[in-house]
Amino acid sequence: MEEDTLEFDMIGIDAAIANAFRRILLAEVPTMAVEKAFVYNNTSIVQDEILAHRLGLIPIKADPRLFEYRSTGDEEGTEIDTLHFHLKVKCTKNPKALKDSSDPEELYLNHKVYSKHLKWVPIGNQVDLFGQVEIRPVHDDILIAQLRPGQEIDVVVHCVKGIGKSKGGRIALLATLPRGTWNKR
């Protein structure tokens with residue numbers, strides 16, 4: 001069994017009851033997840049709202065027991081309730097690429113933006129609190145966007161402790177906000 005896998009058997013139970021247990025686990029287990037995305041520069045073809053939505057779906061490897069729930073009305077967040085990640089990637093032409101090549105893997109540098117490009121930016125005394133803990137996306141190979149030379153993405157995301165039933169609402173809201181009504185510098 002793996003570290004991120006939970007397996008248990010329910011024998012002699014109705015499928016509807018088993019599904020209810022599954023839904024409760026998804027809805028009630030605390031996790032750290034992206035709540036806000038501050039898009040400073042996005043020249044990719046992916047719209048800001050879609051980019052924010054994709055970032056909100058990336059699971060974060062951080063023990064939620066080490067964090068507090070954010071207080072209602074608290075917009076900024078503190079080191080005990082918020083994690084900051086910075087995503088800054090710029091695509092350039094590969095000067096060593098063969099002239100007759102048509103493979104984007106050879107032609108361009110940083111043309112695929114993955115979850116591994118999200119870098120944790122400690123705030124306050126988080127380095128002291130979580131120095132031994134690896135805070136990062138759970139999987140490094142989640143594709144966020146593809147770029148071409150001259151295109152770049154510069155985003156800061158804030159992750160907070162929450163539960164699944166409220167997370168889905170935040171993602172849906174963020175993805176449908178009209179341009180300009182959410183944080184963009």
Side-chain angles (χ1 to χ4, degrees), residues 2-5 26 31-62 64 70 75-77 79 82-124 126-127 130 133-162 164 166-185:
E2 298 176 27
E3 179 182 308
D4 61 351
T5 303
L26 290 174
T31 59
M32 296 298 289
V34 173
E35 183 182 54
K36 292 184 180 182
F38 299 90
V39 179
Y40 296 118
N41 191 9
N42 177 18
T43 57
S44 73
I45 63 168
V46 179
Q47 296 170 338
D48 293 353
E49 294 83 1
I50 303 302
L51 178 63
H53 183 257
R54 292 181 66 88
L55 291 167
L57 294 173
I58 296 173
I60 303 298
K61 184 177 181 180
R70 183 181 280 180
E75 291 296 318
E76 292 299 314
E79 65 266 5
T82 305
L83 290 172
H84 290 187
F85 286 88
H86 191 196
L87 174 67
K88 186 171 180 128
V89 180
K90 182 173 184 173
C91 179
T92 58
K93 287 185 179 181
N94 183 0
K96 297 178 183 176
L98 300 174
K99 291 194 177 220
D100 60 340
S101 177
S102 61
D103 182 14
E105 298 290 333
E106 294 178 23
L107 289 173
Y108 312 126
L109 301 173
N110 295 323
H111 77 287
K112 290 187 177 180
V113 181
Y114 288 103
S115 53
K116 68 181 177 186
H117 293 116
L118 276 169
K119 301 300 179 199
W120 175 47
V121 181
I123 57 173
Q126 285 183 340
V127 172
F130 312 119
V133 180
E134 187 179 19
I135 296 180
R136 62 176 186 79
V138 173
H139 305 286
D140 289 336
D141 60 348
I142 300 172
L143 183 64
I144 299 170
Q146 292 189 36
L147 305 175
R148 289 298 178 253
Q151 294 180 340
E152 66 180 299
I153 293 176
D154 184 5
V155 179
V156 172
V157 295
H158 293 189
C159 302
V160 298
K161 181 178 180 177
S166 64
K167 175 69 176 135
R170 284 199 306 267
I171 291 174
L173 174 65
L174 186 58
T176 58
L177 283 174
R179 190 171 184 83
T181 61
W182 55 303
N183 300 314
K184 181 167 181 165
R185 183 166 59 170

Q: For the residue pair H86 and D154, confirm or rule out a side-chain donor-acceptor distance under 3.5 Å.
A: yes
(Q) On a heavy-atom basis, which atom in W120 and which in H84 lie closest, and how many Å separate them? (A) CD1-O, 3.3 Å
Q) Under 3.5 Å, side chain of K119 to main-chain N/O of K116, donor-acceptor pair present? A) yes
Q.
To check you understand the geometry: which heavy-atom pair defines the closest contact between A37 and V155, and what is its length?
A. CB-CG1, 4.3 Å
(Q) Taking E152's backbone N and O only, do any of them form a donor-acceptor pair with T43's side chain (distance below 3.5 Å, no angle check)? (A) yes
Q) Any side-chain donor paired with an acceptor under 3.5 Å for S44 and N42? A) yes
Q: Carefully, step by step, assess V157 and F38 under the rule side-chain contact (heavy atoms from CB on, under 4.5 Å).
A: CA-CA 6 Å; V157 295; F38 299 90; over 6 Å; no
Q. Considering only heavy atoms from C-beta outward, does the side chain of V113 approach that of L143 to under 4.5 Å?
A. no
Q.
Give me the atom names and distance for the closest heavy-atom approach of R54 to I144.
A. NE-O, 2.8 Å
Q. Is the shortest heavy-atom distance from the side chain of K61 to the side chain of M32 under 4.5 Å?
A. no
Q) Does H139 offer a backbone N or O that forms a donor-acceptor pair with the side chain of S115 under 3.5 Å? A) yes
Q: Could you check V89 against L147 for side-chain contact (heavy atoms from CB on, under 4.5 Å), going step by step and ending with a plain yes or no?
A: CA-CA 9 Å; V89 180; L147 305 175; 4.1 Å; yes
Q.
Quick check: closest heavy atoms across Q146 and Q151, and the distance to 0.1 Å?
A. O-OE1, 4.2 Å
Q | Non-hydrogen side-chain atoms of Y108 and P149 separated by less than 4.5 Å | A | yes
**Q.** Spacing of H117 atom NE2 and I142 atom CD1 [to the nearest 0.5 Å]
**A.** 13.0 Å
**Q.** Polar side-chain atom of N94 near backbone of E106 as donor-acceptor pair, under 3.5 Å
**A.** yes
Q: Start with the C-alpha distance between I135 and F85, add both sets of side-chain angles, then the distance that settles side-chain contact (heavy atoms from CB on, under 4.5 Å), and finish with yes or no.
A: CA-CA 10 Å; I135 296 180; F85 286 88; 3.7 Å; yes
**Q.** Nearest atoms (heavy-atom pairs only) where C159 meets I60
**A.** SG-CG1, 3.9 Å
Q | Full working for side-chain contact (heavy atoms from CB on, under 4.5 Å) between R148 and H111 | A | CA-CA 6 Å; R148 289 298 178 253; H111 77 287; 3.8 Å; yes
Q: Enter the distance from N41:CG to I153:CD1 here, rounded to the nearest 0.5 Å.
A: 9.0 Å
Q.
Show the nearest heavy-atom pair for residues Q126 and E79, with the distance to one decimal.
A. NE2-O, 3.1 Å
Q.
Can you tell me if K88 has over 12 outside heavy atoms packed within less than 6.0 Å of its NZ?
A. no
Q | Donor-acceptor pair, side chain of T82 and main chain of H158, under 3.5 angstrom | A | no
